[in-house]
There are 2 protein chains.
Amino acid sequence: MYDMARGATMTKLTQGRIAAAALALLERDGLDRFSMRRVAAELDVGAMTLYGYFRSKDELLDAAVDLASAEIALPPSGGTWQEQLRSLVTEMLRVLRAYPVAHHIRARGPMLSSGALRSTEAGLSILVGAGCSQEDASKAWRLLFTYVFGFAAFTPAELSDAERRELKLRLAGMDATELPHVAAAAAAGAEAMTGSDAFGFGLDAILAGLEARTSI
Amino acid sequence: MYDMARGATMTKLTQGRIAAAALALLERDGLDRFSMRRVAAELDVGAMTLYGYFRSKDELLDAAVDLASAEIALPPSGGTWQEQLRSLVTEMLRVLRAYPVAHHIRARGPMLSSGALRSTEAGLSILVGAGCSQEDASKAWRLLFTYVFGFAAFTPAELSDAERRELKLRLAGMDATELPHVAAAAAAGAEAMTGSDAFGFGLDAILAGLEARTSI
DNA sequence: ACCTGAACACCGTTCAAGT
DNA sequence: ACCTGAACACCGTTCAAGT
């Protein structure tokens with residue numbers, strides 16, 4: 001009966017509903033503002049209720065990431081293996097950017113969840129289909145995987161005006177005598193720091209390297 | 001006078017001493033257990049004292065990372081550009097593993113600190129020295145940089161026995177029908193997931209790709 | 001100047017209890 | 001079963017005060 005008073009909470013609580021609320025909170029407020037208490041509030045529920053469905057904050061976060069992974073669209077099977085991998089990896093970056101959780105992900109956690117394994121299966125399948133040995137395919141996928149996640153975590157998507165100003169200040173304060181190449185690169189323009197074609201350049205280099213160094 | 005009672009705290013407090021204490025704490029207890037209050041306790045000082053030297057926890061963390069970056073040994077100038085880059089990047093991975101902070105690093109923070117820029121300067125210098133254009137060198141360095149940081153953040157250094165057991169369980173629970181390639185790779189052995197030669201494989205592929213795709 | 005305790009507004013999680 | 005408030009042991013940071 002008292003359920004009537006609880007907005008959208010008429011439907012039963014499930015792991016899935018909680019994970020979805022967690023993911024929405026993540027998308028809206030980011031990882032820093034994410035907390036069990038806030039997820040619970042979003043669901044009009046006591047904070048402790050969540051612990052009946054997830055053993056810890058980390059576990060809930062993993063479930064949210066898993067849910068996000070399900071959003072990764074797998075590439076159509078046409079085209080060269082390079083085109084297919086490019087499409088898959090670019091789509092992974094898109095989702096990683098949409099839900100800024102790359103920073104939380106631990107190596108052995110959500111990477112092995114069923115959602116994340118969809119992309120791994122797709123990637124391995126493309127590589128093996130192209131003639132890669134099992135072992136090379138594993139290593140090649142790890143490389144591609146490391147690259148997308150690293151790019152998502154360590155390259156800013158776009159700079160705000162305040163960030164751009166601060167960056168300019170820092171670069172201007174640099175010692176051109178001690179750091180000549182850095183200074184030259186900085187002078188050449190800070191937009192190279194964030195440009196999304198930087199992602200494409202690295203990806204192309206990796207694909208070319210794989211072609212040269214594997215059994216493909 | 002009261003200073004006499006404070007263990008190692010005779011010397012004056014400075015940004016450097018605080019950053020060193022922070023880094024030591026990071027190394028000993030990891031990022032999760034890192035807190036302003038604990039750093040302060042380590043220095044036998046009130047927590048609020050630190051705010052006279054750093055504006056926030058993030059700023060102190062940045063300074064600690066900067067200090068760690070200074071530990072990266074730059075490669076000797078002999079050898080091919082590939083050998084030099086391999087040596088530099090491998091050394092970066094070593095330091096990133098010694099101080100498990102890769103996960104905290106934000107794209108626009110410590111990457112621009114003077115300590116971190118030492119490695120960037122060295123990397124750009126090797127690339128330009130090898131005949132790379134300014135622009136290609138920037139992009140190539142970003143790729144290498146993304147790879148080391150991504151590898152440090154997303155590949156476990158080594159698995160504990162408990163982790164190995166859990167991994168095995170998860171892999172055994174996988175659906176070989178839906179994920180045939182993942183299952184095959186898993187059967188081939190989980191040690192490929194952590195093997196440090198995975199780092200070498202990726203690095204070699206990247207170097208080969210750079211050779212193929214830049215003005216080098 | 002340099003340092004500080006108390007206080008504020010939060011955390012994740014345990015526990016014993018409610019329905 | 002499913003949910004919960006109170007409590008514990010923490011956080012980062014502001015503030016007004018101490019020397």
Side-chain angles (χ1 to χ4, degrees), chain A residues 1-23 25-26 28-65 101 103-106 109-110, chain B residues 1-23 25-26 28-65 101 103-106 109-110:
Chain A
M1 247 335 204
Y2 63 86
D3 267 337
M4 299 296 288
R6 307 201 163 203
T9 323
M10 300 279 323
T11 46
K12 236 189 77 187
L13 213 51
T14 61
Q15 286 199 59
R17 250 169 52 75
I18 296 172
L23 188 56
L25 189 61
L26 235 20
R28 172 152 46 85
D29 292 348
L31 185 55
D32 287 347
R33 293 188 137 66
F34 181 89
S35 80
M36 295 299 269
R37 285 164 144 113
R38 307 246 265 130
V39 175
E42 213 71 32
L43 292 162
D44 275 315
V45 120
M48 286 317 107
T49 304
L50 303 185
Y51 287 86
Y53 298 82
F54 296 95
R55 264 192 294 269
S56 67
K57 180 189 181 183
D58 260 15
E59 218 174 66
L60 172 52
L61 232 17
D62 287 357
V65 172
V101 288
H103 264 288
H104 164 262
I105 296 168
R106 309 264 142 175
Chain B
M1 245 338 202
Y2 64 84
D3 269 337
M4 301 295 287
R6 305 203 166 201
T9 322
M10 301 278 323
T11 45
K12 238 188 75 187
L13 214 52
T14 61
Q15 285 198 60
R17 249 166 56 71
I18 295 172
L23 187 56
L25 189 61
L26 235 20
R28 173 153 44 87
D29 293 346
L31 185 56
D32 287 346
R33 294 188 138 64
F34 181 90
S35 80
M36 295 300 267
R37 284 164 143 113
R38 305 245 269 131
V39 175
E42 213 72 32
L43 292 162
D44 275 316
V45 121
M48 286 316 110
T49 304
L50 303 184
Y51 287 86
Y53 298 83
F54 296 95
R55 264 191 293 268
S56 68
K57 180 189 182 184
D58 260 15
E59 217 175 67
L60 172 52
L61 233 15
D62 286 357
V65 173
V101 288
H103 266 289
H104 164 261
I105 296 170
R106 308 264 144 176

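Naming convention: chains lettered A, B, ... in sequence-line order (proteins, then strands); numbering from 1 in each chain.
Residue B:Phe54 is classed as having no contact, given no heavy-atom separation below 4.0 Å to the nucleic acid. Using a 4.0 Å heavy-atom distance criterion, A:Arg55 is classed as making no nucleic acid contact. Residue A:Thr49 is in base contact, counting any heavy-atom pair closer than 4.0 Å across all strands shown.
We find that CG of B:Asp32 is positioned 14 Å from C1' of C:dC11, with the value rounded to whole Å. Between A:Lys12 atom NZ and D:dA1 atom P the separation is 13 Å, expressed in whole Å. Atom CZ of A:Arg33 is separated from atom P of D:dC11 by 21 Å (rounded to the nearest Å). Rounded to a whole Å, the CG atom of A:Asp44 is 14 Å from the C1' atom of D:dT4. The CG-P distance, from A:Leu61 to C:dT13, rounds to 11 Å in whole Å. Protein atom NZ of A:Lys57 is 11 Å distant from nucleotide atom C1' of D:dC11, rounded to whole Å. D:dT4 atom C1' lies 14 Å from atom CE of A:Met36, rounded to whole Å. Rounding to whole angstrom units, CZ of residue B:Arg37 and C1' of C:dC11 are separated by 11 Å.
For the pair A:Leu60/A:Tyr53, no side-chain contact is recorded, criterion being any heavy-atom separation below 4.5 Å from C-beta on. Residues B:Leu31 and B:Leu61 form a side-chain contact, since some pair of their non-hydrogen atoms from C-beta on lies under 4.5 Å apart. Taking 4.5 Å as the limit, every side-chain heavy atom of B:Ile18 sits out of range of all side-chain heavy atoms of B:Thr49.
When the nucleotides D:dT4, D:dG12, C:dC11 are ranked by their closest atom to the side chain of B:Ser35, D:dG12 comes out on top. In the set D:dC11, C:dC15, C:dG12, C:dG12 carries the atom at the smallest distance from any side-chain atom of A:Tyr51. Considering only the side chain of A:Met48, D:dA6 comes nearest among D:dA6, D:dC3, C:dT4.
Consecutive Watson-Crick or G-U pairs involving DNA chain D, each under 3.5 Å on both distances, make up stems of three or more pairs at C:4-8 with D:12-16, C:12-16 with D:4-8.
For C:dA9 and D:dA9, the P atoms lie 22 Å apart once the distance is rounded to whole Å.
Closest of all the heavy-atom pairs between A:Lys12 and A:Arg17 is O-NE, 3.0 Å. Of all non-hydrogen atoms in B:Glu42 and B:Arg28, the two that sit nearest each other are OE2-NH2, 2.7 Å. Taking each heavy atom of B:Ala64 and B:Ala19 in turn, the nearest pair found is CB-O, 4.0 Å.
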**OP:** Evaluate the side chain to side chain contact (heavy atoms under 4.5 Å, CB included) criterion for residues A:Leu43 and A:Leu50: first the C-alpha distance (whole Å), next the side-chain angles of each, then the deciding distance (0.1 Å), finally the verdict.
**Re:** CA-CA 10 Å; A:Leu43 292 162; A:Leu50 303 185; 4.3 Å; yes
